[in-house]
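The shown structure was predicted, so the numbers you read here are calculated from the model rather than taken from an experiment.
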Amino acid sequence: MAKYLGQIIVLGTQVIGKAFAKALKQEWAASQEAARRAGGGQRGANRAAENTRSGMTLEEAQQILNVDKLDPERVKERYDHLFKVNDKIRGGSFYLQSKVVRAKERIDAELKVESTQDEPKVEKESKTS
C-alpha cells in the first residue's frame with residue numbers, strides 16, 4: 001500500500017511540475033510578445049507604465065473609439081459622437097460613457113508621448129540649419 005501511495009505522490013508531483021513549467025514558458029512568451037508590440041526599450045517601458053496607470057492598452061482604446069490611426073481629429077470626432085450617444089439622459093449607459101472617456105484619455109496620453117518624442121528631432125534639425 002505504501003508503495004502505491006509513493007508512486008501516486010511521485011506521479012502527481014511530476015504532472016504538477018510539468019504543468020507549472022509549461023505555464024511559465026507561456027507567460028514568458030506572452031511577456032516577450034507584449035514587449036515586442038509595445039516597441040521595446042524606453043518607449044515600451046513608457047507605454048507599459050501608461051497601460052498600468054490607465055488600466056487600458058492603446059489597442060483597447062483604439063477599439064473602443066473605433067480608430068485605426070492616432071489622428072487627433074478623428075479621435076475627437078469619434079469621442080464626441082460616442083460620448084453623446086451614451087449619455088444617460090438619452091438612454092445611454094454611464095458605464096460605456098466612462099469607457100469612452102478612459103479610451104480618449106489613454107489615446108491622448110499616447111499622443112502626448114509621441115509629440116514630446118518628435119520635438120527633440122525638430123529642435124535638432126532647426127539648430128543644424
Side-chain angles (χ1 to χ4, degrees):
M1 184 68 162
K3 176 181 170 184
Y4 295 122
L5 185 59
Q7 288 177 343
I8 291 172
I9 291 172
V10 169
L11 287 174
T13 304
Q14 288 176 345
V15 168
I16 291 172
K18 287 179 184 179
F20 184 72
K22 185 176 180 181
L24 282 176
K25 287 179 185 177
Q26 288 176 346
E27 182 60 32
W28 176 259
S31 68
Q32 293 298 316
E33 177 64 20
R36 185 191 63 75
R37 281 201 275 142
Q42 185 60 37
R43 182 174 182 215
N46 291 342
R47 186 173 281 181
E50 189 59 37
N51 288 348
T52 302
R53 188 194 68 74
S54 68
M56 180 181 295
T57 65
L58 181 61
E59 292 79 15
E60 183 181 3
Q62 287 177 306
Q63 286 177 348
I64 290 170
L65 293 180
N66 195 23
V67 293
D68 295 330
K69 299 179 210 169
L70 295 181
D71 177 25
E73 294 172 10
R74 178 73 174 145
V75 168
K76 174 102 173 86
E77 176 186 311
R78 295 296 304 151
Y79 167 76
D80 289 339
H81 171 72
L82 291 170
F83 190 83
K84 288 176 187 174
V85 168
N86 288 300
D87 192 358
K88 192 157 180 126
I89 295 171
R90 296 181 179 180
S93 166
F94 180 72
Y95 173 76
L96 292 177
Q97 195 177 40
S98 69
K99 285 299 242 183
V100 169
V101 171
R102 297 296 166 248
K104 172 91 166 55
E105 288 175 351
R106 177 63 184 97
I107 290 175
D108 286 345
E110 189 69 23
L111 289 170
K112 182 179 177 184
V113 168
E114 284 184 4
S115 69
T116 58
Q117 289 177 349
D118 291 342
E119 285 177 9
K121 293 177 185 176
V122 173
E123 290 175 10
K124 288 178 185 176
E125 290 172 3
S126 63
K127 288 180 181 178
T128 57
S129 299

With sequence neighbours excluded, give me every salt bridge (Lys or Arg N to Asp or Glu O under 4.0 Å) pair touching residues 82-100.
Glu60-Lys99
Tell me which donor-acceptor pairs under 3.5 Å the side chains of residues 7-15 have, and how far apart each pair is, sequence neighbours excluded?
| from | atom 1 | to | atom 2 | distance (Å) |
| --- | --- | --- | --- | --- |
| Thr13 | OG1 | Ile9 | O | 2.7 |

Under 3.5 Å, side-chain donor or acceptor atoms of residues 64-76 against the rest of the protein: list the pairs with distances, not counting sequence neighbours.
| from | atom 1 | to | atom 2 | distance (Å) |
| --- | --- | --- | --- | --- |
| Arg74 | NH1 | Glu77 | OE2 | 2.8 |
| Lys76 | NZ | Asp80 | OD1 | 3.2 |
| Lys76 | NZ | Asp80 | OD2 | 3.2 |

Expected output: side-chain Arg106 to main-chain Met56 donor-acceptor under 3.5 Å:
yes
Going by chain and number, the hydrophobic cluster around Tyr95 (ILVMFWY, side chain to side chain under 4.5 Å) further includes Leu96
Who passes side-chain contact (heavy atoms from CB on, under 4.5 Å) against Val101, sequence neighbours left out?
Tyr79, Phe83, Glu105
Kindly write out the residues that satisfy side-chain hydrogen bond (donor to acceptor under 3.5 Å, both in side chains) with Gln63, not counting sequence neighbours, or none if the list is empty.
none
Sequence neighbours left out, what pairs pass salt bridge (Lys or Arg N to Asp or Glu O under 4.0 Å) with at least one residue falling in residues 8-17?
none
Scan for ring pair (Phe, Tyr, Trp, His ring centres under 6.0 Å) pairs involving residues 51-71, sequence neighbours excluded, and state none if there are none.
none
Any ring pair (Phe, Tyr, Trp, His ring centres under 6.0 Å) pairs touching residues 51-76, not counting sequence neighbours?
none
Which residues pass the side-chain hydrogen bond (donor to acceptor under 3.5 Å, both in side chains) test with Asp108, sequence neighbours left out?
Lys104
Apart from Phe20 itself, what residues make up its hydrophobic cluster, given side-chain heavy atom links below 4.5 Å?
Leu24
